[in-house]
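Only one structure is covered here, and it is reproduced in the block below.
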Amino acid sequence: MLHVLRSEGIGEPGALLTTVNESARRVAMHAVRTEVLQAQADAAGLPLITVNIPYPCPNDVYEAQMSAAIANARTEGFTHVAFGDLFLEDVRRYREERMECTGLTPIFPLWLRPTDTLARDMLDGGLEAYLTCVDPRVVPASLAGRRFDARLLWDLPPGTDPCGERGEFHTCAVAGPMFKNRVEVTVGETVQRDGFVFADLELTEGTEKIHNEGTKKTKT
């Protein structure tokens with residue numbers, strides 16, 4: 001989505017926004033480490049806004065935390081929020097309802113793009129990603145930690161959305177046209193928790209050093 005916003009002239013992104021499990025220090029649902037998340041933001045050349053939420057997180061707490069983050073973004077001059085939703089009407093409707101009266105306009109740059117074409121276009125454009133979370137009720141648990149590539153698309157069970165839009169899987173991008181450099185990671189252990197299978201991604205030593213130095217320079 002970030003590349004589409006920039007390349008199609010929809011708008012210039014000002015920051016990245018995501019929720020983080022405050023106890024595990026990982027992206028909610030995707031389970032990506034915050035240091036990998038920060039490395040992604042650095043590679044994208046954008047500031048990172050994290051919304052800390054507890055685990056488990058009641059919906060009213062989630063909505064309160066997100067509302068506070070949106071209100072703060074409004075005071076900082078942001079005018080729009082871009083969502084990566086593809087075709088789930090109820091999800092889009094929920095986001096639009098929550099954005100009412102916030103002063104920010106929701107936009108959906110990828111809405112109704114055919115997901116089989118979108119998946120292959122992303123790969124052809126240089127996207128590299130790993131599956132960090134899979135739902136073993138609909139896809140094999142062995143796909144956790146796999147590269148998101150043409151072979152992965154071939155191995156998906158019939159009826160699986162190739163972009164995982166129904167929650168079949170979640171990914172972590174490590175390279176692509178939206179990044180100025182690759183985020184070097186290694187795939188660590190795989191665990192099953194709360195009905196899902198998660199694959200851990202760790203920054204390689206070289207990437208971690210570059211990220212730490214970049215963070216230090218930003219602070220000074």
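For reference, positions follow the sequence shown, starting with 1. Side-chain atoms are counted along with the backbone in the values below, which use heavy atoms only and exclude waters and symmetry mates.
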Hphob cluster co-occupancy, F198 + V36, side-chain heavy atoms under 4.5 angstrom | no

Starting at CG of D161, measure out to OG1 of T115 and round the result to the nearest 0.5 Å.
-> 3.5 Å

Check the pair H30, C172 against side-chain contact (heavy atoms from CB on, under 4.5 Å), reporting the backbone distance first and the verdict last.
-> CA-CA 8 Å; H30 294 65; C172 175; over 6 Å; no

So, is the end of the R92 side chain (NZ or CZ) under 6.0 Å from the ring centre of F87 and within 45° of the ring's axis?
-> no

Hey, quick one: are V91 and V51 part of the same hydrophobic cluster, counting side-chain heavy atoms closer than 4.5 Å, chains of contacts allowed?
-> yes

Joint hydrophobic cluster, M1 plus L104, side-chain heavy atoms closer than 4.5 Å = yes

Heavy-atom check, side chain of P106 versus side chain of R95, under 4.5 Å = no

T34 side chain to R26 backbone, donor-acceptor under 3.5 Å | no

Within the distance-only criterion (no hydrogens, no angle test), does the side chain of E128 pair as donor or acceptor with the backbone N or O of G176 below 3.5 angstrom?
-> no

Given the rule that I, L, V, M, F, W and Y join up when any side-chain heavy atoms are under 4.5 Å apart, are V187 and F196 in one cluster?
-> no

Are E89 and R93 close enough for a salt bridge, meaning some N to O gap below 4.0 Å?
-> no

Using the six-membered ring wherever Trp is involved, compare the ring planes of F83 and F108 and label them parallel, tilted or perpendicular (cut-offs 30° and 60°).
-> parallel

Taking atom CZ of R74 as the centre, does the number of heavy atoms from other residues, nucleotides or ligands within less than 6.0 Å exceed 12?
-> no

Nearest atoms (heavy-atom pairs only) where A150 meets L123 = N-CD1, 3.7 Å

Within 6.0 angstrom of R113 CZ, more than 12 heavy atoms from elsewhere | yes

Does some side-chain heavy atom of W111 sit less than 4.5 Å from a side-chain heavy atom of D85?
-> yes

Kindly compute the distance separating CG (L17) from CG (L46), expressed to the nearest 0.5 Å.
-> 12.0 Å

Below 4.0 angstrom, N of the basic side chain to O of the carboxylate: do R137 and D135 qualify?
-> yes

Answer whether the closest heavy-atom distance between the side chains of M122 and C163 falls below 4.5 Å.
-> yes

Taking the side chain as every heavy atom from C-beta outward, state whether F78 and I70 have any atom pair closer than 4.5 Å.
-> no

How long is the span from the CG atom in N21 to the CZ atom in R25, to the nearest 0.5 Å?
-> 8.5 Å

Does E168 reach the main-chain N or O of R166 with its side chain, forming a donor-acceptor pair under 3.5 Å?
-> yes

Tightest non-hydrogen contact, residues V139 and P157, listed as CG1-CD, 3.9 Å

Nearest heavy-atom pair of V4 and P109: which atoms, and what distance?
-> CG1-CB, 4.2 Å

Flag yes if L112 and L88 sit in one hydrophobic cluster, no otherwise; membership is Ile, Leu, Val, Met, Phe, Trp, Tyr, and two members link when side-chain heavy atoms are under 4.5 Å apart.
-> yes

Mind checking the CG-OG1 spacing from D200 to T190? Nearest 0.5 Å is all I need.
-> 8.5 Å

Taking the side chain as every heavy atom from C-beta outward, state whether L2 and P13 have any atom pair closer than 4.5 Å.
-> yes

Decide yes or no on side-chain contact (heavy atoms from CB on, under 4.5 Å) for M66 and I53, but give the supporting numbers first.
-> CA-CA 9 Å; M66 284 297 296; I53 59 175; over 6 Å; no

Got T19 and T50 here, is their nearest side-chain heavy-atom distance under 4.5 Å?
-> no

Applying side-chain contact (heavy atoms from CB on, under 4.5 Å), run through C57 and Q65 and close with a yes or a no.
-> CA-CA 11 Å; C57 184; Q65 296 290 76; over 6 Å; no

Closest non-hydrogen atom pair, P136 against Q192 | CG-NE2, 4.2 Å

Separation of H80 NE2 from E12 CD (nearest 0.5 Å) = 14.0 Å

Can you tell me how far the OG1 atom of T186 sits from the OH atom of Y130, to the nearest 0.5 Å?
-> 8.5 Å

For the side chain of T160 and the backbone of L156, is there at least one donor-acceptor N/O pair under 3.5 Å apart?
-> no

Distance-minimising heavy-atom pair for T102 and R98 = CG2-O, 3.5 Å

Can you name the closest pair of heavy atoms from L37 and V32 and give their distance?
-> N-CG1, 4.2 Å

Which is it for I107 and L5 under the side-chain contact (heavy atoms from CB on, under 4.5 Å) test, yes or no, and what are the steps along the way?
-> CA-CA 10 Å; I107 58 175; L5 286 170; 4.1 Å; yes

Run the salt-bridge test on D155 and R146 with the 4.0 Å N-O cut-off and return the result as yes or no.
-> yes

Please check if the side chain of Q40 supplies one atom and the backbone of A173 the other of a donor-acceptor pair under 3.5 Å.
-> yes

Can you check whether T204's main-chain N or O pairs, donor with acceptor, with E184's side chain at less than 3.5 Å?
-> no

